[in-house]
Amino acid sequence: MSALVIAGGGLAAQRCYDRPVTILSAEPVRPYDRPPLSKDALAGEADVAFRPRGWYAEHGIELRLDTPAVGLDPARREVIMGGLAGGLRVAYDDLLIATGARALMLPSLAPFANVQALRTLPDAERLRAAVATGGPLAVVGAGLIGLEAAATAARAGIDVTVIEAAPRPLAGVLGPRAAAWLTARHRAAGVAVRLGTTVVAAHGDGAVEALELADGARVPCAHVLVGVGVRPAVDWVAGSGLDPTGIAVDGEGRTGLPHVFAAGDATGSGHWEAASRGGAAVAGALLGRAARPPAPPQFWTDQHGVRLVCVGNPRDARELGDLTSDTFELEHIRDGRVTAVLLANRPPSALRAARTRISDQSTIPERTAA
């Protein structure tokens with residue numbers, strides 16, 4: 001059978017086994033799920049590995065740890081390996097690029113010993129150890145990672161301050177009413193949320209003791225988590241003909257190079273659901289299956305005992321729904337159609353119904369926003 005090489009061990013890679021497989025993983029531990037890193041794993045309550053120990057060998061999959069992909073030679077259909085196999089090459093018949101993303105860091109905070117991002121299992125372990133010392137914790141960035149980590153730390157009794165430059169949290173994916181509801185939820189749990197301001201200075205000798213904000217506030221801290229986004233970890237494809245800042249793909253994960261596919265954060269697609277679907281789409285293409293119609297985008301998050309699931313695109317839409325409890329459905333209406341639904345603590349049947357409403361392109365009767 002032909003050989004499939006997967007560069008990267010993330011979620012997209014776990015959805016694409018259809019033949020003899022070699023997985024190249026830069027990390028020293030077997031592949032694991034990332035969403036729990038800011039939730040259960042941070043609280044020390046989860047085993048995040050995708051597969052049990054020994055599973056890969058039992059299924060004939062060669063898992064090469066501490067072996068990042070460092071170069072791509074498409075003319076010879078070879079991936080150049082680094083780490084323990086530095087300089088060696090592995091040949092492929094088909095290649096899936098699933099090397100994920102790297103967390104961005106604010107240059108002004110990078111030199112300090114108690115500043116970190118949260119992207120890997122060692123990052124989660126480091127943050128868990130910092131939280132165990134009692135805080136206070138400053139979180140720079142009110143995206144999914146920052147807010148989930150803030151909620152987890154607050155649950156552990158830590159004083160947490162979230163600092164966000166935008167006027168509301170998750171500004172790119174939540175409308176004003178939903179964002180206000182989420183902000184209130186954090187504040188009710190004891191998290192200080194400072195919106196519309198930025199860090200202008202860090203005070204401390206080697207370790208940050210306080211952050212100075214543009215609005216004049218001073219935030220004391222024993223540890224700082226920076227969650228200001230990620231960038232695709234695909235610089236290693238430079239010179240191959242692919243874009244080293246993010247790989248463009250079609251609906252089945254095909255790149256501009258023959259026999260080379262990409263999925264997940266390597267394509268800039270973002271959340272867990274997109275990585276899962278991208279890997280599955282590549283598997284379908286490799287098996288010759290007809291492409292399925294693209295599903296509406298979706299993300300989920302757990303914060304302060306509430307599971308939020310957003311399906312569809314809520315941008316530039318009116319929000320309709322009652323947010324007076326921790327269980328609700330908030331519709332987003334644009335041009336008379338449901339473009340997204342935000343669900344809080346709702347069952348799977350509600351999610352399926354929301355997808356149906358979004359797929360229905362008929363115009364709905366005009367309603368008034370709550």
Side-chain angles (χ1 to χ4, degrees), residues 11 33-46 48 118 139 142-158 160 162 164 168-193 195 227 270-277 295-315 317-333 338-360 364 367-370:
L11 177 63
D33 203 10
R34 295 188 189 278
L37 297 183
S38 54
K39 300 183 281 289
D40 295 344
L42 181 55
E45 300 170 352
V48 296
L118 180 54
V139 179
L144 286 174
I145 296 296
L147 291 177
E148 289 172 350
T152 302
R155 191 179 74 188
I158 304 301
V160 183
V162 174
E164 171 56 47
R168 62 180 188 265
L170 293 176
V173 293
L174 290 185
R177 291 183 60 225
W181 177 90
L182 185 59
T183 301
R185 184 79 189 187
H186 274 270
R187 287 173 173 160
V191 177
V193 182
L195 302 172
H271 199 257
W272 189 97
E273 286 282 347
S276 176
R277 293 173 182 172
Q298 179 177 318
F299 76 87
W300 58 269
T301 180
D302 294 322
Q303 299 179 37
H304 301 298
V306 177
R307 167 156 291 195
L308 293 174
V309 181
C310 184
V311 58
N313 181 359
R315 289 181 182 274
R318 295 184 301 115
E319 299 166 276
L320 302 179
D322 183 1
L323 304 183
T324 57
S325 73
D326 292 340
T327 301
F328 61 78
E329 294 186 22
L330 186 68
E331 288 186 332
H332 295 74
I333 311 296
V338 178
T339 61
V341 181
L342 178 67
L343 304 106
N345 287 339
R346 298 289 288 140
S349 58
L351 177 58
R352 291 191 294 270
R355 290 189 181 125
T356 299
R357 296 205 297 278
I358 293 168
S359 299
D360 182 1
I364 62 174
R367 286 176 281 176
T368 303

Worksheet item: Any side-chain heavy atom of Glu329 within less than 4.5 Å of one from Arg346?
Response: yes

Item to complete: Go through Thr356 and Arg352 one step at a time and tell me if the side-chain contact (heavy atoms from CB on, under 4.5 Å) criterion holds.
Response: CA-CA 6 Å; Thr356 299; Arg352 291 191 294 270; 5.6 Å; no

Item to complete: Check Glu319 against Ala178 and note the closest heavy-atom contact, atom names and distance.
Response: OE2-N, 3.0 Å

Worksheet item: Do the side chain of Glu148 and the main chain of Ser38 share a donor and acceptor less than 3.5 angstrom apart?
Response: no

Fill in: Minimum-distance pair of heavy atoms, taken over all atoms of Ala189 and Ala154
O-CB, 4.2 Å

Discussion item. Is any side-chain heavy atom of Asp326 closer than 4.5 Å to one of His304?
Written reply: no

Discussion item. Less than 4.5 Å apart, side chain to side chain, heavy atoms only: is that true for Leu174 and Leu342?
Written reply: yes

Response to the item:
Distance col, row Asn345:CG vs Asp302:CG, nearest 0.5 angstrom, shows 8.5 Å

Discussion item. When you compare the side chain of Thr183 with that of Arg168, does any pair of heavy atoms fall below 4.5 Å?
Written reply: no

Practice prompt. Check Leu170 against Leu144 and note the closest heavy-atom contact, atom names and distance.
Written response: CD2-N, 3.5 Å

Practice prompt. For residues Leu118 and Ala149, report the shortest heavy-atom separation together with the two atoms involved.
Written response: CD2-CB, 4.4 Å

Worksheet entry | Leu308 and Phe328, any side-chain heavy atoms less than 4.5 Å apart | yes

Practice prompt. Please round to the nearest 0.5 Å and tell me the distance separating atom CZ of Arg357 and atom OG1 of Thr339.
Written response: 11.5 Å

Item to complete: Mind listing the closest non-hydrogen atom pair of Ser325 and Trp181 along with its distance?
Response: O-NE1, 3.7 Å

Worksheet, complete the sentence: Given the options Val341, Ile333, Leu330, Leu320 meets side-chain contact (heavy atoms from CB on, under 4.5 Å) only with Ile333

Fill in: Nearest heavy atoms of Val160 and Val139, plus distance in Å
CG1-CG2, 4.0 Å

Worksheet item: Side-chain contact, heavy-atom cut-off 4.5 Å: Ile358 with Val311?
Response: yes

Worksheet item: Under a 4.5 Å cut-off applied to non-hydrogen side-chain atoms, are Glu164 and Val193 in contact?
Response: no

Worksheet entry | Leu351 vs Gln298 side-chain heavy atoms within contact, under 4.5 Å | yes

Discussion item. Applying side chain to side chain contact (heavy atoms under 4.5 Å, CB included), can you list everything that pairs with Asn313, at least two apart in sequence or on another chain?
Written reply: Arg315, Arg334

